[in-house]
2 protein chains.
Amino acid sequence: MPPDRKPYHRADEDTRRQALITATLALVAEGGAQAATVRAIAQKAGVTAGLIRHYFQGKDALMAAAYAHLMHRMTADSAAVLRTAPHDPKARLAAFVTAALCPPVVDGEALVLWAAFMQETHRDPAMRQTHAQTYLAFRDQLQSLIADLLGHSAPQDLRRLAIACNAVIDGLWMEGCALPDAFAMGELVDLGLHAVGAILGADLAGQSAQGTPVSTQSNMKVPA
Amino acid sequence: MPPDRKPYHRADEDTRRQALITATLALVAEGGAQAATVRAIAQKAGVTAGLIRHYFQGKDALMAAAYAHLMHRMTADSAAVLRTAPHDPKARLAAFVTAALCPPVVDGEALVLWAAFMQETHRDPAMRQTHAQTYLAFRDQLQSLIADLLGHSAPQDLRRLAIACNAVIDGLWMEGCALPDAFAMGELVDLGLHAVGAILGADLAGQSAQGTPVSTQSNMKVPA
DNA sequence: CTATCAATTATCCAACCGCATAATAAGGCC
DNA sequence: GGCCTTATTATGCGGTTGGATAATTGATAG
């Protein structure tokens, strides 16, 4: 008695892994980590649950892979913003801040996603390391932009300024994600440019409306 | 054959509820929301699992109660900081910022706890409302301090300044919680005072070392 | 056209989840 | 000191979880 099986087609390894990772991220985003069960992931990816074990060592490994994928996409997109930005240091920094405070970086899903993975990060040392790397890379990028703008102050001061500016961006990012209706279009960007400008002692607000594609994903949120 | 039962003593309602809520928060802090099962909560509270249903309508109700308790404690302690602060507007604001960037507010557990509940908040409208109230209350407190310092500017400007300063505090709080070893003692406070001062155009750094008890809990982190 | 083998599915399993209910004992009241 | 209320424990249930294994398919090479 052959019970009718679901017909299927073979896909190469990368495609399948990618589909599983995408499905995992989607589920975590919409329902938290607990919503990403092996069965739900498989269903969303259009396969059956057992397949996960065929491509990953277990559910934990899939989660770790999804997290790493998310972080790498973030850093890659962040770098892309800088590649298309102008050459004036002030405009480049303004573009960076603007990109970090606009959709799709500012997004209701993004915050949930970030929060969900932070807990995993708190338990799994491997995830913690993945995070630390990407987080510091993001801050270093910001610090580099500040250095270009300020004409290379003392490294200590640069680090402090980068931390403070990063905090502003993170904080505004959080509020924008969490309370999307509480801010008018562009208000978040305006606030960010003013605040970062105030901290650095430079006027960035004039740069806001030009040369910023505002179309990629970045940001680097914490955990330990 | 009377199988030996665990001996117990009766406790009044408030004590038991409190114990269950405390146990819930502890478990969420150390293992995320998924670690807070009814059995684990009961064990940590020193009772058996069935008792939870006797005091709460279900596990969800207990989680909601725990979240509300956490938020209320935060706001209460935040108000306490202001009560013991001096009368000079500048010193009061400095004390507020300082308290938000020192232990026990800055704490590894705090961030995990916040992140865990944010996901629940994302699903449960009741929790979302609980959050929105406490969050806006915190920001209003900050805005009030800024108004005292600046001599009442236009409400629009006050709101914008409060949002920006709140973002700085939130961002530094996150980094401090997540990367406790990345900052020297007092560095976070120093950074926060300088950044908030820069945004408001006032020098707060001189106020840092005095009159701030640095011993209560506050902060108000986002979600939607 | 067929044999081969990896990819995919189907099925089973032990553990755990939250919840419901029955049995039991603790403590106040007279 | 005995009784009555009820807080508390103990036990059982249906459902779901992640993981393991066996069966079956589809692609591919010869």
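The chains referred to below are lettered A, B, ... by the order of the sequence lines, with proteins before strands, and numbering in each begins at 1. All heavy atoms count here, side chains included; hydrogens, waters and symmetry mates do not.
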- Query: Within the structure shown, what part of the strands sits under 4.0 Å from B:Arg10 by heavy-atom distance: base, sugar-phosphate, or nothing?
  - Reply: base
- Task: Under the side chain to side chain donor-acceptor pair (under 3.5 Å) rule, collect the residues that match up with B:Gln156, sequence neighbours excluded.
- Result: none
- When the distance from CZ of B:Arg53 to P of D:dA10 is rounded to whole Å, what number comes out? 19 Å
- B:His54 NE2 to C:dC19 P: how many Å, rounded? 16 Å
- For B:Ala35 and A:Leu51, take the nucleotide of DNA chain C holding the closest heavy atom to each; which residue's nucleotide lies nearer the 5' end? A:Leu51
- Query: What is the distance, rounded to the nearest whole Å, between atom CG of B:Asp12 and atom P of D:dT6?
  - Reply: 16 Å
- Query: Rounded to the nearest Å, what distance is computed from the CG atom of residue A:Leu27 to the P atom of nucleotide D:dT17?
  - Reply: 12 Å
- How far apart are the C-alpha atoms of A:Ile163 and B:Leu172, what are their side-chain angles, what is the distance that settles it, and do they pass the side-chain contact (heavy atoms from CB on, under 4.5 Å) test? CA-CA 8 Å; A:Ile163 292 173; B:Leu172 288 176; 3.9 Å; yes
- Task: Please work out if A:Arg16 contacts a base, only the sugar-phosphate, or nothing of the nucleic acid, heavy-atom cut-off 4.0 Å.
- Result: sugar-phosphate
- Message: Just to be sure I understand the rule, does B:Thr48 reach a base, reach only the sugar-phosphate, or reach nothing, if contact means heavy atoms closer than 4.0 Å?
- Response: base
- Touch check for B:Ala49, heavy atoms < 4.0 angstrom, all strands: base, sugar-phosphate only, or nothing? nothing
- How long is the gap from CG on B:Asp124 to CZ on B:Phe117, to the nearest 0.5 Å? 11.5 Å
Less than 3.5 Å apart, which donor and acceptor atoms pair up between the side chains of residues 21-34 of chain B and the rest of the protein, not counting sequence neighbours?
unit_1  : atom_1 : unit_2  : atom_2 : d
B:Thr22 : OG1    : B:Gln18 : O      : 2.9
B:Thr22 : OG1    : B:Gln18 : NE2    : 3.4
B:Thr24 : OG1    : B:Leu20 : O      : 2.8
B:Glu30 : OE1    : B:Lys44 : NZ     : 3.4

- Between C:dT9, D:dT8, D:dT9, spot the one nearest the side chain of A:Val47, thanks. C:dT9
- Query: Atom CD of B:Glu13 and atom C1' of D:dT6: how far apart are they, to the nearest Å?
  - Reply: 12 Å
- How many Å lie between CG on B:Leu62 and P on C:dC19, as a whole number? 10 Å
- Message: Quick test of your reading of the model: are A:Glu120 and A:Arg123 salt-bridged, counting only N-O distances below 4.0 Å?
- Response: yes
- Report the nucleotide, chosen from D:dA10, D:dG19, C:dC17, that has the shortest atom-to-atom distance to any side-chain atom of A:Val38. D:dG19
- Task: Please state how far atom OH in B:Tyr8 lies from atom C1' in C:dA26, giving the value in whole angstrom units.
- Result: 5 Å
- Note on the structure: Out of C:dG18, D:dT9, D:dT17, minimum distance to the side chain of B:Thr37 belongs to C:dG18
- Query: Could you state the OH-P distance from B:Tyr55 to D:dT8, rounded to the nearest angstrom?
  - Reply: 4 Å
